[in-house]
Undergrad: 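This structure is in structure tokens; I'll ask about it shortly.
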Amino acid sequence: MKSLKNHISLIVALFTVLFAVQIYVAVDRTIKAYETRLKNDYSIIVVANKTLSPDEFKAMDSIIDRSEPIATDQVLQRLQGEMSKKNLELLKLTLPKFYRIYLSRFPTPEEISKLQKRLQKNSSIQRVEGYAQTHDTVYKLMLLFKDVVQIFSIAIAAVTSLLILKEMRLWQFQHAERMSIMALFGAPVWLRSAVLFRLAIVDAIIATIVVCIAFFVIEENGWMDLLLNTVGITIDLFDFLQDGIRSLIIALSVSIILTMTIVIGNDEEE
Amino acid sequence: MDKVIIAENLSLSYKEFETIISKASFSIDAGSFVFITGASGSGKSTLLKSLYGAIEPRGGQLVVGGVKMNRISTSKLNFLRRHVGIVFQDYKLIKEWTIEKNVMLPLIISGYTKEVSDPQVQKLLGHVKLSHQAGKYPPELSGGEQQRVAMARALAHNPILILADEPTGNLDEYSSEVIWNLLEGANTQLKTTIVVVTHRIPSSISVPYKHFHIEMGNIHEIA
Ligand SMILES: Nc1ncnc2c1ncn2[C@@H]1O[C@H](COP(=O)(O)OP(=O)(O)OP(=O)(O)O)[C@@H](O)[C@H]1O
Ligand SMILES: [Mg+2]
């Protein structure tokens, strides 16, 4: 059937737009999750020759979230048998203080080097270890990946919108005769094009449902989760409430706006 | 008497330097029955088109149902058309709608509920002897049957004015008689103004009528 074919091409096109948008959202979500993971894992080790309070650290740079002293007791205890109590006490006094510093967000390489310099300005700090290199490579790769995916999604959404516009022109053409007859009996524009809008709305709803099903299948399948778990991330690929509603709104707006473009563009018959 | 149609120096054409109707002046009284005759290509359908606003006057003035047709706005035109019933020469039925729904079209446009429009449609389909075809689609009907559907549709919303373009062009004696009776009925009972384009005025017509003839771009009344 011709009309069924028309439906399918619009549904497929809308589905593609929604899928592209959802991939964009999911990648964004993944990067965010990865950033929090990095932030939580990432810390800087500071060696100081005197005790520094968390507030003192915080005063040094606003990016510093909190600091934790690294306990040296365990190390010292292990030496208990081998050293005299007096020497041990002495060592305890001369031993520098170790701190682990956590940051409020995942830093850029520049932020790390700036932070390092600031910390080293403090006369009581002897050494700062930033571990900048290792985290940096993975993160940069991910950002590149995000950019690529987002450019792709935008391109797909744009191209598909054009396809939808073309598809609807075809509809308009098919419905033109009926619409012009209705006009001859005084039907206002909205009534003449009611069928177009109804088709557009129905197809938008179907496309949204198909996207929900597609992501449900992907999530149930589990391989995406597995993949993300290997880099230590768990995200909700498709939040059925939030993403489902967003998809529906996008599908409805795309199809209704395009229908309106066509209806307004072809207002006068004869 | 009220005039439903007033034309003053009305000129009609499709292209700039061509004339189909040239500076015609005439008027049609409310509730009257008018025949329009003329040779093929003389401009009968063109004149009807101007009466339902499908083409604008090239010159002169045209008023239909109190509405000025020169540079008419879309909303005014829609309003006027909801009170006019048209039988087109080529029927103009909606192919993808059933016969029933086609007849219902003017009622749908005027926003009548199904309770009102359903009995009206059934009554009209009975009048044009097509009750048994109600569920079919226009392409499944003969030319004459389609023409009768078009007539039923034109009557559906009890318009103040009916414009019919050769409504019996495809019909046999008997079916033509049905159509003329319907138009006469609307004219006498509902005081509907009837303007009919035809090649031959039926001898059976029993209401008083006027006769306009189009020739060489002129419209003149034949007494
Ligand atoms: N859409 C159009 N565009 C250009 N010219 C047209 C158009 N429709 C009709 N004409 C021309 O206008 C003239 C009058 O046409 P019209 O249809 O009014 O004739 P008519 O009297 O209804 O003839 P018939 O009895 O054959 O139906 C014809 O010469 C025709 O070629
Ligand atoms: Mg004609």
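Side-chain atoms are counted along with the backbone in the values below, which use heavy atoms only and exclude waters and symmetry mates. Numbers restart at 1 for each chain; the letters A, B, ... are given by sequence-line order, proteins then strands. Because the structure is a prediction, the values reported are computed rather than measured.
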Undergrad: Knowing that exactly one of A/L199, A/D203, A/I206, A/L258 qualifies, which makes a side chain to side chain contact (heavy atoms under 4.5 Å, CB included) with A/L10?
TA: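 The side chain to side chain contact (heavy atoms under 4.5 Å, CB included) with A/L10 is passed solely by A/D203 among A/L199, A/D203, A/I206, A/L258.
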Undergrad: Is any side-chain heavy atom of B/M69 closer than 4.5 Å to a side-chain heavy atom of B/I72?
TA: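 Result yes, sub-4.5 Å side-chain heavy-atom pair found.
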Undergrad: Need one label for B/F79: side chain, backbone, both or neither, based on atoms under 4.5 Å from any heavy atom in chain A.
TA: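 For B/F79, there is no contact with chain A at all, as no heavy atom is under 4.5 Å.
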Undergrad: Does B/Q146 use its side chain to pair, donor to acceptor, with the backbone of B/P138 at less than 3.5 Å?
TA: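 The answer is yes, because a donor-acceptor pair under 3.5 Å joins these two groups.
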Undergrad: Is there a side chain to side chain contact (heavy atoms under 4.5 Å, CB included) between B/H127 and B/R148 once you walk through the steps?
TA: CA-CA 9 Å; B/H127 286 339; B/R148 283 183 277 152; over 6 Å; no
Undergrad: Yes or no on side-chain hydrogen bond (donor to acceptor under 3.5 Å, both in side chains) for B/Y14 and B/K49, after CA distance, side-chain angles and deciding distance?
TA: CA-CA 11 Å; B/Y14 294 93; B/K49 275 185 203 168; 3.0 Å; yes
Undergrad: What parts of residues 96-105 of chain B touch chain A if we use heavy atoms and a cut-off under 4.5 Å?
TA: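 Near chain A, by residue number: B/E96, B/W97, B/L105.
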Undergrad: Answer yes or no: is there a donor N or O on one side and an acceptor on the other, between the side chain of B/E18 and the main chain of B/S13, under 3.5 Å?
TA: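 No.
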Undergrad: Checking B/L93 against chain A: side chain, backbone, both or neither under 4.5 Å from a heavy atom?
TA: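 For B/L93, the contact with chain A is made by the backbone alone.
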Undergrad: So, are A/R29 and A/D243 salt-bridged, with charged N and O less than 4.0 Å apart?
TA: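 Looking at A/D243 together with A/R29, the answer is yes, because their closest N to O distance falls below 4.0 Å.
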